[in-house]
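Working notes, structure below.
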Number of protein chains: 2
Amino acid sequence: MHADDRLPRYQRLRDEMVALVAARHWRPGEAIPTEQALAKSYDVAVGTVRKAVDLLVAEGLLERFQGRGTFVRRASFDSSLFRFFRFQTRQGERRIPESRILRREVVEAPSAVAATLQIPNGAKVIQMSRLRLIDGVPMLAEEIWLPFDRFAAFAQLELTEIGDLLYPVYEAQCNQVIASATETLTVEAIGPLHARLLRIEPGTPAVVIERLAYGYDRQPLEWRRSRGPASEFIYQAEIR
Amino acid sequence: MHADDRLPRYQRLRDEMVALVAARHWRPGEAIPTEQALAKSYDVAVGTVRKAVDLLVAEGLLERFQGRGTFVRRASFDSSLFRFFRFQTRQGERRIPESRILRREVVEAPSAVAATLQIPNGAKVIQMSRLRLIDGVPMLAEEIWLPFDRFAAFAQLELTEIGDLLYPVYEAQCNQVIASATETLTVEAIGPLHARLLRIEPGTPAVVIERLAYGYDRQPLEWRRSRGPASEFIYQAEIR
DNA sequence: TAGTGGTCTAGACCACATA
DNA sequence: ATGTGGTCTAGACCACTAT
């Protein structure tokens, strides 16, 4: 099962390190072996290890701390587009919104969902509808789909057992770890259904964020579509 | 005027190379000296030069081509948010929209504009209003502000002398080179004025992109605010 | 064939964190 | 005091581009 000898050593080393994290042999929060140790065990120079680690730090999989060591980074989703919703509390601090699951059921995947999650047509999915609030004010209306075969345990949980964040639950209950995601931002005039949930006027501009989240093996694990009032959204980017 | 000795050599080297580009001593499209030559002239090891160049490649200022050399990159604005407007032609290819300048005048800077461009209150600015079209269909309505003292030559140009792209004109006529920018995306229900320009219904969601563009010396050179129909906009991002 | 950037090595010394 | 990552060197060899 192995990597192309024509690839540079630092690339192959990088790939092996990714595999160790994916296999949960190196776990988030833990320190990996020192550069010296890695150099010795993989029989390469320290400089080569450094270059491989450089890559993974740039990719966000590892974090370095001078004098302490190199650590597997927790996927934090700090760069998610959700960050650009100005959902501050009245004191202006950033908080995790409260979550209310409005509905959860197991259904046959609509064909668009099956295609997106890369599962067979007609396979079962968990469909969920969720409202996120700050200080009791609705901020985001979400629809979430999970492939049933990987998340069967999730369908059995009492709703009261599910906290404000889903990914830790996926990890603890279903052994499914989210490693990365792609997000897509579009804008629409909000429909009457979501308008009622969000307590805004139908036709008001809303930002729609679709997120497809992947495991370390690059398999799609979760699809969600979230809607929030566009008036609360501001995105900034650097251009070169 | 010199750099801190406590900074690593590769950082100081990086800064000196940026300065050479800013001073137009190294010009876009040109090759810079070889790594060997740089190492000799700055009296550092080649590896140190490589690290400095690595940084500038990552920042997008330089481009490397194995066997050919390292070149100063033209600021291409490939990553601009405008890229996410699906302004395709009927054949689906990407094109530079046609530009029509609707108005251009020299005025005293409104205080918000003066603050943004970091010029004194009441200083003169060139204010411009522009429409961008594809196949004759209006796609973006833009308002643009330029500090008059740097762009005086621009105010004299016949409108027919100004092409579809402004930055090459800034460079050729005013010797002002845009090096980077920050962009901000918000959404609003379009007002009657812009609705008429864009030939859409007032109240339709519109994407508003504000861009503040800087020279190599980090001075703000241009501020523009562009509005386009949100229905044509889709933004995608990778999350880790 | 000559010259460029790309990979890799082996080792020295520095700065920082922790005990 | 020890061990970690951070910086820097000097040189070898490879892969690609141009002539």
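So that the names make sense, note that chain A is the first sequence line, chain B the second, and so on, each numbered from 1. Keep in mind that what you see is a predicted model, and the values were worked out from it rather than measured.
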Open item on the list: Going by the rule salt bridge (Lys or Arg N to Asp or Glu O under 4.0 Å), which residues pair with B:E98 if we only count those two or more places apart in sequence or in a different chain?
Closed with: B:R100

Return a table of donor-acceptor pairs under 3.5 angstrom between the side chains of residues 42-50 of chain B and protein atoms on other chains or two or more places apart.
| unit_1 | atom_1 | unit_2 | atom_2 | d |
| --- | --- | --- | --- | --- |
| B:R50 | NH1 | B:E35 | OE1 | 3.0 |
| B:R50 | NH1 | B:E35 | OE2 | 3.1 |

Which donor-acceptor pairs under 3.5 Å do the side chains of residues 143-152 of chain B make with protein atoms, sequence neighbours left out?
| unit_1 | atom_1 | unit_2 | atom_2 | d |
| --- | --- | --- | --- | --- |
| B:E143 | OE2 | B:H194 | NE2 | 3.1 |
| B:E143 | OE2 | B:R227 | NH1 | 3.1 |
| B:R150 | NH1 | B:Q176 | OE1 | 3.0 |

List every contact pair, protein side and nucleotides 16-19 of chain D side both N or O, where the distance is under 3.5 Å.
| unit_1 | atom_1 | unit_2 | atom_2 | d |
| --- | --- | --- | --- | --- |
| D:dC16 | O4' | B:Q66 | OE1 | 3.2 |

Open item on the list: Base, sugar-phosphate or nothing for B:R9? Non-hydrogen atoms, less than 4.0 Å.
Closed with: sugar-phosphate

Task: Range on DNA chain C touched by chain A - first to last nucleotide, heavy-atom distance under 4.0 Å - done: C:dT7 to C:dT18

- [ ] Quick one: label A:V44 by what it contacts on the DNA or RNA (base, sugar-phosphate, nothing), any heavy atom closer than 4.0 Å.
- [x] sugar-phosphate

Task: Residue whose nearest DNA chain C nucleotide is more 5′ - A:D43 or B:T70 - done: B:T70

TODO: Identify, with sequence neighbours excluded, every residue that meets ring-ring contact (aromatic ring centres under 6.0 Å, His included) alongside B:F71.
DONE: B:F65

Open item on the list: Students often get this wrong, so: under 4.0 angstrom with heavy atoms, is B:V53 touching a base, only sugar-phosphate, or nothing?
Closed with: nothing

Open item on the list: I need the CG-P distance between A:L62 and D:dG5, as an integer number of Å.
Closed with: 11 Å

Task: Verdict with reasoning, B:L56 to B:R14, per side-chain contact (heavy atoms from CB on, under 4.5 Å) - done: CA-CA 7 Å; B:L56 292 173; B:R14 184 213 87 106; 3.5 Å; yes

Task: Parallel, tilted or perpendicular, as decided by the 30° and 60° cut-offs, for the rings of B:Y235 and A:Y235 - done: tilted

